[in-house]
Protein chains: 2
Amino acid sequence: MKPTETRHRPAGAGRSPGAAPRRRADAERSITAIVEAAQDCLAEQPQVSMAAIARAAGVGRVTLYAHFPSREVLFEAVIDHAIAKAEPVLDAAAPGDGPAADALCRLLRSSWQVLDRHRRLFEVAQHELGAVRMRERHDQAMARVEQLLHRGRAEGAFRDDLPLAWMVTTVYSLLHAAAADVNAGRLPQDSAAETLIATLLPALRPPR
Amino acid sequence: MKPTETRHRPAGAGRSPGAAPRRRADAERSITAIVEAAQDCLAEQPQVSMAAIARAAGVGRVTLYAHFPSREVLFEAVIDHAIAKAEPVLDAAAPGDGPAADALCRLLRSSWQVLDRHRRLFEVAQHELGAVRMRERHDQAMARVEQLLHRGRAEGAFRDDLPLAWMVTTVYSLLHAAAADVNAGRLPQDSAAETLIATLLPALRPPR
DNA sequence: GCTAACCCGTACATGTCTGTTCGACTTTCG
DNA sequence: CGAAAGTCGAACAGACATGTACGGGTTAGC
């Protein structure tokens, strides 16, 4: 949720009588600075203070509150921002095209790329925000994998003897685990995606 | 680390001059109540206040501080308590005996049983406590899996084309994921262990 | 049954975080 | 240029968590 509903209004448009006043360029700048700083801070420290976020954004604490009246509002903005940037990357993998196994490889590579930053954000938000809106967002990303796995099962490319939901969990769980291992230095950054794929494919393929 | 070093002293033993005074039975009762309550609270809410823990233990906040002078001390006690209870269960699986694949199945079943409660505790403690002592404890449990995987690789039962550390991560990651899925109602409790094994074995076996 | 150990509630000192207000200064934009 | 929009630091109020101190009541253990 953006702080106000008005944005990208063409310069020439006169504002309607009771509507919110236009937003200036430096305000826009502050807002993106805050959201991005918050994204970074929350990723590495779930309980950062608003003061710390403001400091990281190079902005006064009061300014932060001017745009995001509460911690929760800021959270929603951060999550929406992260999702908005992730969406097109995931879609670029075209998980609906070609053989299911190949599509999964593409989707995994894209997901890996996206996950690098926002790995902790979702778990954090799950606690701070209501678990309800969070679950929506998460499922929105889960859906791609679920749909692909479903298609692959019909084609005989993936196994059919385990619950579909569990297979989705398996994919996301190992995705997260790989990110954590890279961070901890236990897994080399460049080979992580291949390792992940080499682990997941045998686990998802039909047994025997 | 227990609050004091004296315990289980036979009733008849006179205490040595400068040593700590004996602990009474109700104190012992309070302590275990506190540790167990803390274990439950921390599992579902990482930042519970000391007051909340005391309340959950049915004990005054002051009493809590009487036994655990600081939050950190309480944490250590909780972790030690959890480990002490987990240790014999894991050893009962005898991961060193028999074929590696069979041993892994046994170890997974035991681990599953243990993990049910302490799933979140370690991740929490990693943040609150120094990452150093925590890493020791975690590795202590990891070691069983790592050693078993290492043996299985030598016997040809497990794959050799991925980093050993990553394979350990895979096991623990899916173990945690299964617990979370059961909690969320996405995976039936009784078939969870079998599902887990059916997923892990193909992922760890040599490919092709 | 007596004593020491233990428990409890209340209260206090301290610190941190949140959100808000105020007045003054700076930047944008027409 | 000039007014509106934005930003800033300082300071305040309220909430809440951590530890500590005190005094009166319970309970265990000899």
Side-chain angles (χ1 to χ4, degrees), chain A residues 2-4 6-15 17 19-35 37-38 41-42 45-75 77 124 127-129, chain B residues 3-4 6-15 19-35 37-38 41-42 45-76 124 127-129:
Chain A
K2 280 291 166 57
T4 85
T6 66
R7 47 174 167 176
H8 291 149
R9 178 133 37 135
R15 67 165 189 263
R22 271 226 329 286
R23 198 154 51 197
R24 238 171 51 181
D26 54 349
E28 207 91 33
R29 221 181 308 143
S30 290
I31 289 177
T32 68
I34 290 171
V35 170
C41 290
L42 290 172
Q45 233 248 311
Q47 315 117 302
V48 237
S49 68
M50 300 288 265
I53 294 176
R55 210 179 312 125
V59 105
R61 201 169 65 93
V62 186
T63 302
L64 195 163
Y65 275 105
H67 294 298
F68 305 95
S70 84
R71 187 182 183 83
E72 192 171 327
V73 172
L74 176 58
F75 263 61
V124 171
H127 271 265
E128 297 257 2
L129 219 58
Chain B
T4 83
T6 67
R7 49 174 166 176
H8 292 148
R9 177 136 33 138
R15 66 167 190 262
R22 269 226 330 286
R23 199 156 48 200
R24 242 171 48 180
D26 54 352
E28 206 92 33
R29 219 181 308 144
S30 290
I31 289 178
T32 68
I34 290 170
V35 170
C41 290
L42 290 172
Q45 235 250 312
Q47 313 116 299
V48 237
S49 68
M50 299 288 265
I53 294 176
R55 209 178 315 127
V59 104
R61 201 171 65 94
V62 187
T63 303
L64 195 164
Y65 276 105
H67 294 298
F68 304 96
S70 85
R71 186 181 183 82
E72 192 171 327
V73 172
L74 175 58
F75 263 60
E76 287 197 38
V124 172
H127 271 266
E128 297 256 3
L129 220 59

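Nearest heavy-atom pair across V59(B) and L64(B) is CG1-N, 4.4 Å. In terms of heavy atoms, M50(B) sits closest to S70(B) at CE-C, 4.0 Å. Closest approach of F68(B) to I31(B), counting heavy atoms only: CZ-CG2, 3.9 Å. Of all heavy-atom pairs spanning I34(A) and I53(A), the tightest one is O-CG2, 4.2 Å. The heavy-atom pair separating A57(A) from A33(A) by the smallest distance is CB-O, 3.7 Å.
The distance from atom CG of L64(B) to atom C1' of dT18(D) is 12 Å, rounded to the nearest whole Å. The distance between atom CZ of R55(B) and atom P of dT18(D), rounded to the nearest whole Å, is 11 Å. If you take CD1 of I31(B) and P of dC6(C), they are 9 Å apart, rounded to a whole angstrom. Between the CD atom of E28(B) and the P atom of dA5(C) there is a distance of 16 Å, rounded to whole Å. D26(B) places its CG atom 6 Å from the P atom of dA28(D), with the value rounded to the nearest Å. In this structure, CD1 of I53(B) is placed 11 Å from P of dA17(D), rounded to the nearest angstrom.
In this structure, S30(B) does not reach the dC6(C) phosphate: none of its side-chain N or O atoms is under 4.0 Å from OP1 or OP2. H67(B) has a side-chain polar atom (N or O) that falls below the 4.0 Å cut-off from OP1 or OP2 of dC7(C). Checking the phosphate oxygens (OP1, OP2) of dT7(D), no side-chain nitrogen or oxygen of R29(A) falls inside 4.0 Å.
The line from OG of S30(A) to CZ of R24(A) is 9.5 Å long, rounded to the nearest 0.5 Å. Rounded to the nearest 0.5 Å, atoms OG (S49(A)) and CZ (R55(A)) are 6.0 Å apart. Taken to the nearest 0.5 Å, the CZ atom of F75(B) stands 4.5 Å off from the CZ atom of R71(B).
Here the side chain of R24(B) is nearest to one of dC6(C), dC8(D), dA5(D), namely dC6(C).
An angle of 20°, rounded to 10°, separates the two end axes of the helix from dG19(C)-dC12(D) to dG30(C)-dC1(D), each defined over five pairs. Comparing the helix axis at one end of the helix from dG1(C)-dC30(D) to dC17(C)-dG14(D) with that at the other, each defined from 5 consecutive pairs, gives an inter-axis angle of 20° (nearest 10°).
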Indicate for each nucleotide in nucleotides 14-21 of chain C, in 5' to 3' sequence, whether protein heavy atoms under 4.0 Å reach the base (B), only the sugar-phosphate (S), or nothing (-).
---SBBBB
